[in-house]
Every structure is written in structure tokens, then in C-alpha cells.
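It should be emphasised that the depicted structure is a prediction, and the values quoted were computed from it without experimental measurement. Below, all heavy atoms of this structure are taken into account, side chains as well, without hydrogens, waters or symmetry copies. Lettering follows sequence order; numbering is per chain, from 1.
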2 protein chains.
Amino acid sequence: MSLAHAIMTAVLDDELTGYELAKRFDTSLGFFWQASHQQIYRELKALSQKNYLTSRAISQQKRPDKTVYRLTPEGHEYLRAWVHESTKPRLAKDELFIKLYNLSEENVADLMEEVRERREHVQRNLSLYYRIRNKNYPNFSSLSTRMQGVALVLDAGIRDAESIIEWCDCTLERLCQVKGQ
Amino acid sequence: MSLAHAIMTAVLDDELTGYELAKRFDTSLGFFWQASHQQIYRELKALSQKNYLTSRAISQQKRPDKTVYRLTPEGHEYLRAWVHESTKPRLAKDELFIKLYNLSEENVADLMEEVRERREHVQRNLSLYYRIRNKNYPNFSSLSTRMQGVALVLDAGIRDAESIIEWCDCTLERLCQVKGQ
DNA sequence: CCCAACTATGCAACAAATTGCATAATGAGT
DNA sequence: ACTCATTATGCAATTTGTTGCATAGTTGGG
């Protein structure tokens, strides 16, 4: 259900296409929500039928035609009311940790490589978050209330990424000792 | 698919019932995987049919009868091979951050309460992780390789929880200022 | 010039997860 | 005495998410 809320929140300020939404769920929004383009297009259609979103077709010459979506007043009110409802605990699933539970001399090299890849991936996200913060949220106090909320989420993403990178470095050192018997 | 791997990993050392597994997915394992008891019982049945787990019925007088599951050699081999396969990126979904994107003077009090609850929840988990570490993994170097892997995951859980608590404290201060205009 | 990646959308089949319900005994607290 | 939480398992319906496929022009690199 909350994919709907995430999408509606994403189009609070911007008019966006399904394609652009998919990219955001893969980058900035990806810190706290993920969705495939198939899911997004399905949900956009459902939300339009419920009258929470309106769509507008845009013809393009050099690119395929596209449809941009924006929040309706009904959608805005629905979202406003939803914020007051009880919040589900965060959901996290990470295969890497299941695999680490199975650590052995036989697989330690593979797992080190996985941790290295995880570090790189998180480092890329962190760089992106820094860029977004420097560009759009340089001074917290000067932001509008809504943008302060966004900045707080960005801060969570940055802290999360930094802490994971530290763990990766520490873990790689320890796995290196396991590898060398 | 990976619920299967998580369950098989959980019964690597211990014989467990579906009920006990459900409790673990709600506490220690919950850091990196969650599953309802309905999901778990279904998966246990499927894994038994595939011959990756064997079950043993235990009659009880004061409590309902129960069934304990353990890993078969086939299950062990399957798990061993799976560790070498490519790992999917972590999946995280958190409604709290969607709600923070919608921060306003109207909802700031509710959101502060949500952040406080999140802090308490994470603090409870952190205390549990500390207890587990002090009890079972006090000295990293003296552990078996497999247990070192478990200790590394525990370390990730501790770092994660500590960093979230810091964010909650910082966020509560900032939200307090928003509340007071 | 060819191949890959990007832009842009969507259907259909399938797998995974959630929600609601059901049973049934024991122990702990008010 | 009554109520609530705990132990212990499971079915059925629905919702959500994944995987595979399909189309089709543009842009960039080697």
C-alpha cells in the first residue's frame, strides 16, 4: 500500500513520469523505498483511477511520448491524513548477512568480494547524497518546513551510508585474517 | 526465495520449531530479515518436501505438541553452494521517511512521537545485541570461523542501531524547533 | 557502421508477503 | 473468576513484488 504513498510524496512538488519515478526509486528515494518500473506504472494507473493523481500526455519528437503525473487536491488530502496514521516498522532484507552467517574458509574470499562491492555501492550513494545536500539543502535553518523534513531524511541516508562503510572496512580487515588462517 | 536460505541458516546449529524461528525473525535475525509465522510454516513444509530439512514431532503435556526442524546433508550442500551465487542488494522500506518528506507544522507533533517510538524500539534491539555479544561473542579472535561471521553481522546490527539512535536524537531537537515555530 | 545504453511504457505469469481467521491449553496478573 | 499473553500450528484470500517479454527511436563510443 505504501508504494502509493511514496509515489504521491514524490510528486508533491514535481510533475514526474513513471520513468523518472523509477530512476528516483533507484537512487535518492531508494534509501527508504524501492520499486520496479512495472510496479510504478501499475500504481500510477491505479492512483489516477482513484483520482489521487492526474496525468498529462506530452508528445516528443526525438524521444518516445511520455505522461507526467501530479497530485490532485484529493490526493493531497489523502496523503495529509495518512501521515497521522500508525507507522509500520522499517522492513529490511539483506542476503549478505545471511551469507556471513555461513562464513567458512571455503567461502571467505567470495564474501570479502561481496563486502567490497557493498562498500563501493554505498560509497556511490553517499557521494550522491552529499551532492544533493550541498546543492539543495546547504543550510538547514533557511529551508521551508517541508524541505527540512526532506533534509532530515537525507541526513539519515548519509549517517546510514557512513556507518555501513565503516563496518565494511572493519569487516574486510577481519575477513582478511580469517583468509590467512 | 531467500526466506528459505535464512531459515536453513538459522537451523545450522540448532534444531528449531516454526514458533521459535518466528520469534528469532522478530528479534535477532530481524535486523536483516523478517517473516511472519504463516510464511515460516509454509516454507518449512516446502523445504521438508525438497529434502533440505527433516522434521521430528515432539509431544508435550503442558504445551501444544511441536515439530522441530534440522538441516539435512542435502540442505547443507545447497546452502554452501548458494553462498557463492551473486547477492541481491539490500532491500529497505521505511514508511517513517515517507512521512518525514511530508513534514509540516500540522503534523510535526505526530512525527516527533513517531521518531521517539523508533528510538525506543531501536534502543531495545541495541540492548539485546549487547547482551548477545557479551554472552556469546565476547572475544572475536577466540571464536570459530562460522561464529566470527555471526559476530560480524551482530557488529553491523550494533553500528546500525547506534547510528539510528544518534539520528533520532538530532532529529528530535530539530523537530522541536519546527514545532516552536 | 555496429552495438550498447538510454528514454518511455506496459502486459502477463508467477512468487512472495500480508491479513484475517481458527484452534486450544497453560500461566500470570487484577 | 476473568482476561490477557504465551505456546504452537496452520488455511485461505488478497495484495504486493518479481521476472520475462515486447516495442521503438536516439545517442554515444569504439
Practice task
Establish, with yes or no, whether the OP1 or OP2 oxygen of C/dT9 is under 4.0 angstrom from a side-chain nitrogen or oxygen of A/Y41.
Solution key: yes
Practice task
Using a cut-off of strictly less than 4.0 Å, decide whether B/K62 has a side-chain nitrogen or oxygen near OP1 or OP2 of C/dA24.
Solution key: no
Exercise for the section: Assign each of A/Y69 and A/R42 to its nearest nucleotide of DNA chain C by heavy atoms, then name whichever residue's nucleotide is nearer the 5' end. Expected result: A/Y69
Handout entry: Separation of atom NZ in A/K45 from atom C1' in C/dC11, rounded to whole Å
Key = 9 Å
Practice task
Determine, for A/D13 against A/R146, whether the closest basic-nitrogen to carboxylate-oxygen distance falls under 4.0 angstrom.
Solution key: yes
Exercise for the section: Give the ring-plane orientation class for B/F31 versus A/F97, where under 30° counts as parallel, over 60° as perpendicular and anything between as tilted. Expected result: tilted
Problem - Separation of C/dA24 P from B/R63 CZ (nearest whole Å) - result: 17 Å
Practice task
Check if the side chain of B/Q38 and the base of C/dG20 share a donor-acceptor pair of N or O atoms closer than 3.5 Å.
Solution key: yes
Practice task
Give a yes/no answer on whether the side chain of A/T17 brings an N or O atom under 4.0 Å of OP1 or OP2 in C/dT7.
Solution key: no
Exercise for the section: Send over the distance from A/K66 NZ to C/dA8 P, rounded to a whole Å. Expected result: 5 Å
Exercise for the section: May I ask you to evaluate whether A/K93 reaches the phosphate of C/dA17, defined as a side-chain N or O under 4.0 Å from OP1 or OP2? Expected result: yes
Handout entry: cation_pi(A/R174, B/F140) dist<6.0 Å, angle<=45
Key = yes
